[in-house]
Amino acid sequence: MDEAPKKSVKILFIFLILFLCFAIFASIVYSKIVISRKIPTLVVSKTDVAVRGSIYSQDGFELASSKKLYKVSVNTESIDPDKKQLFINLFSIYSNIPKEIISEKIAQKGYIVISYNISPNTAANLRQLNSKLLAYDVFREYEDKNGRIVQKMGIDIEVSGVSRLYAYGTMLEPVIGYTKKIESGKITIVEGVKGVEKYRDKILSPKQDGTIKGERDIGFNIIQNKEAKTKDRQDGFDVQLTIPLGLQKKVEQILDDAKKKYKSDEIVVGIMNPKTGEILSLATTNRFDPKNIKKSDYSYLNVDAIELSYEPGSTIKPIIYSILLDKNLINPMQSIDLNHGVYRLGKYIIRDDTIPAKNPVVEDVIIRSSNVGMIKLTQRLSGQEFYDGLKKFGFSEITGIDLPYEKNGLLPSVKLLSGEIYKASASYGYGLRTTFIQLLRAYGVFSNGGYLITPHLTQNLTAPNGDIYIPKIPPKQRVITPVVAQKMQDTLIRVVTIGTGRPARVDGVVVGGKTGTARIAKEGKYGSLYNGSFFGFAQDGQNTYTIGVVAFGSHGSEDYYGGQTAAPIFKRIVELLKEEGYLQVKNNDAHQGK
């Protein structure tokens, strides 16, 4: 073999050896310099947390709203040690967090959370700060203990939870209700527990979080290019109530003043449009701050207007009287013997609280609130007729008002109502239980031509896109004839002009209604506490409002009759409706018996 080819083979072999060594060296360098370095993920996904809808009053005030809370984090090792004090100073100015707290937090090494409770405005300020800090090179790349290069990172701002705000504190509570915190993934959200918050929880709750996925820059901002993928956020619906906050505030003030005067345990008021069922006010003296519920507030958390049943006393009398009228079993102008206000019922003696008229007629039974008269009149009803009549007015059934946990009250059985004792005691409001809202709805029958309607608090629901939905209300039901409804109006007006309801009289508008006083039973015995009531209506020819007042737990040593407690409050409510323009003053007071 020639020397020249041998030499060529040797050179080629040496070249291959050198190339192999270079490849091995390059591989080692790549693994040390490139592979061993931490290359940060450039494609990230961020969640745009959807929020719970707001609750508004009829006059546009935002009663309950949601606010996002933000978590602010930073990689402390990414902060240039020479510019750490600059970071602390500026972060404190933009966040209102004391410098000492920030210093303590960033003394730790690694990725740390500075705060979980940053408001939306502060979060926006900190985003601006982040841009400035990046521009000033406050953040830097650094090499970790394993020799890996970590890209510089700015301030990371993410949603940590959603907080519920109640701008007006105790106002309109417990009707609005409150929420509780629950964990949903990595954030804290809220759900309704009581009141409108509970009843409308599904419609208020957010439907879908938004997401955006794409490449990010060093300030943790996702670059909005064609590769970025997004999913729209769907917030909860807003709920608008039928209750004007301006009116509600003044009603609550009237009740607060009355509670001090009468020393009652609780006073409840409701104002309803009897033609539509819209509630203009549902107020109580026992309110609470939904953001600061204390142990002493626990008994105030329920809406007693719908969750508490009680013996109605004489406010049931007009209901029974109208049932008798509708069946043509009585003639209002017919004479009746009231036994001088005394009646023996088995081993019991029943006495009227008022002196009977000299020549009483059937209508005087309501005007003067005669228990004796009611016992005699109710004897004309069979047990079945009595039971069916009260059921027709909605007693022992929920009204369907848009609030949770409504109670249905209690009616004696047909068998019990067929007996002399139970029929008699039920005729003047004992032995049966109703709720405040049941009585308010029942009295509305007298002012709308004889129909039972569904009371409601929700005026409309507004979707995030602005579409407005009006909840469907069950159809009204005929209870008594229009003629009987008008007769009842006339009788209740006479109760106010010449009867037991005179303390409720208001000049310039037509007022009708009925007092009620019922002793409260505790552990099977009647004590010295009373519920004083007044239910009725006020009208001006164009507008009519059904109004109910109950002073629960009035003490026997103080004013406790319905005419002494509830009727004066009723009067003040009607005067307020005049002052606020809901009722127009009439010069002709013929309807009031002048």
Side-chain angles (χ1 to χ4, degrees), residues 29-49 68-161 185-188 209-225 227-230:
V29 169
Y30 180 81
S31 64
K32 288 287 186 182
I33 296 177
V34 180
I35 296 178
S36 65
R37 291 189 179 196
K38 181 181 178 182
I39 301 175
T41 303
L42 296 179
V43 176
V44 295
S45 178
K46 284 200 171 186
T47 300
D48 185 10
V49 177
K68 291 181 183 179
L69 296 177
Y70 291 81
K71 177 180 73 173
V72 179
S73 311
V74 68
N75 185 345
T76 59
E77 294 189 80
S78 191
I79 301 173
D80 187 333
D82 296 331
K83 296 177 180 179
K84 186 172 286 189
Q85 194 58 48
L86 175 64
F87 174 86
I88 292 170
N89 292 340
L90 290 177
F91 197 96
S92 179
I93 292 170
Y94 277 74
S95 68
N96 254 348
I97 298 174
K99 294 179 185 178
E100 307 79 55
I101 294 177
I102 300 170
S103 297
E104 185 181 335
K105 292 277 187 180
I106 68 170
Q108 305 169 58
K109 283 190 174 183
Y111 195 79
I112 58 100
V113 177
I114 298 177
S115 175
Y116 284 95
N117 297 303
I118 296 295
S119 70
N121 288 340
T122 302
N125 291 338
L126 290 174
R127 288 192 183 96
Q128 291 181 359
L129 173 63
N130 189 46
S131 299
K132 293 176 181 177
L133 294 177
L134 289 166
Y136 293 147
D137 290 326
V138 172
F139 300 109
R140 55 165 193 158
E141 287 185 353
Y142 68 94
E143 186 174 311
D144 68 11
K145 61 183 180 181
N146 297 317
R148 293 178 298 182
I149 301 299
V150 180
Q151 185 186 31
K152 67 178 178 180
M153 302 179 190
I155 301 171
D156 186 16
I157 304 169
E158 294 180 294
V159 174
S160 63
K186 295 181 179 180
I187 67 168
T188 302
D209 288 340
T211 57
I212 179 169
K213 186 176 182 179
E215 294 181 344
R216 70 164 177 84
D217 58 23
I218 58 175
F220 291 94
N221 302 301
I222 294 179
I223 301 167
Q224 301 277 0
N225 54 25
E227 280 77 30
K229 296 179 181 179
T230 62

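On a predicted model such as this, the values are computed, not experimentally measured, just so you know.
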Could you pull out all residues at least two apart from Y70 that satisfy ring pair (Phe, Tyr, Trp, His ring centres under 6.0 Å)? none
Between S160 and I187, is there a donor-acceptor pair closer than 3.5 Å when you use the side chain of the first and the backbone of the second? no
Rounded distance [0.5 Å steps], NZ in K99 versus CD in Q85: 7.0 Å
One pair to check against side chain to side chain contact (heavy atoms under 4.5 Å, CB included): N130 and F139. What are the steps and the verdict? CA-CA 10 Å; N130 189 46; F139 300 109; 3.9 Å; yes
Check: V138 and F91 side chains under 4.5 Å, non-hydrogen atoms: no
Ignoring hydrogens and geometry, is there a side-chain-to-backbone donor-acceptor pair from T76 to Q108 under 3.5 Å? yes
Looking at K83 and Y136, what are the two nearest heavy atoms and their distance? NZ-O, 2.7 Å
For D137 and K152, the nearest pair of non-hydrogen atoms, with its separation, is OD1-NZ, 3.6 Å
Determine the minimum heavy-atom distance between A123 and I118, stating which atoms define it. N-CG2, 3.5 Å
What do the steps show when you test Y142 against N75 for side chain to side chain contact (heavy atoms under 4.5 Å, CB included), and what is the final call? CA-CA 11 Å; Y142 68 94; N75 185 345; 3.1 Å; yes
How close do I102 and S95 get, counting heavy atoms only, and between which atoms? CD1-OG, 4.4 Å
If I take atom OG1 from residue T122 and atom CG from residue L69, how far apart are they, to the nearest 0.5 angstrom? 10.5 Å
Euclidean distance, I114 CD1 relative to K105 NZ, rounded to 0.5 Å: 8.5 Å
Just by modelled atom types, is the R148 backbone N or O under 3.5 Å from a matching donor or acceptor in the N146 side chain? no
Nearest heavy-atom neighbours spanning I106 and I88: CD1-CG1, 3.6 Å
Gap separating the CD1 atom of I155 from the CG atom of L129, nearest 0.5 angstrom: 4.5 Å
What is the distance from atom CD of E100 to atom OG of S92, rounded to the nearest 0.5 Å? 7.5 Å
E77 side, atom CD; R140 side, atom CZ - distance, nearest 0.5 Å: 8.0 Å
Check whether any side-chain N or O of S115 sits under 3.5 Å from a backbone N or O of V72 as a donor-acceptor pair, and report yes or no. no
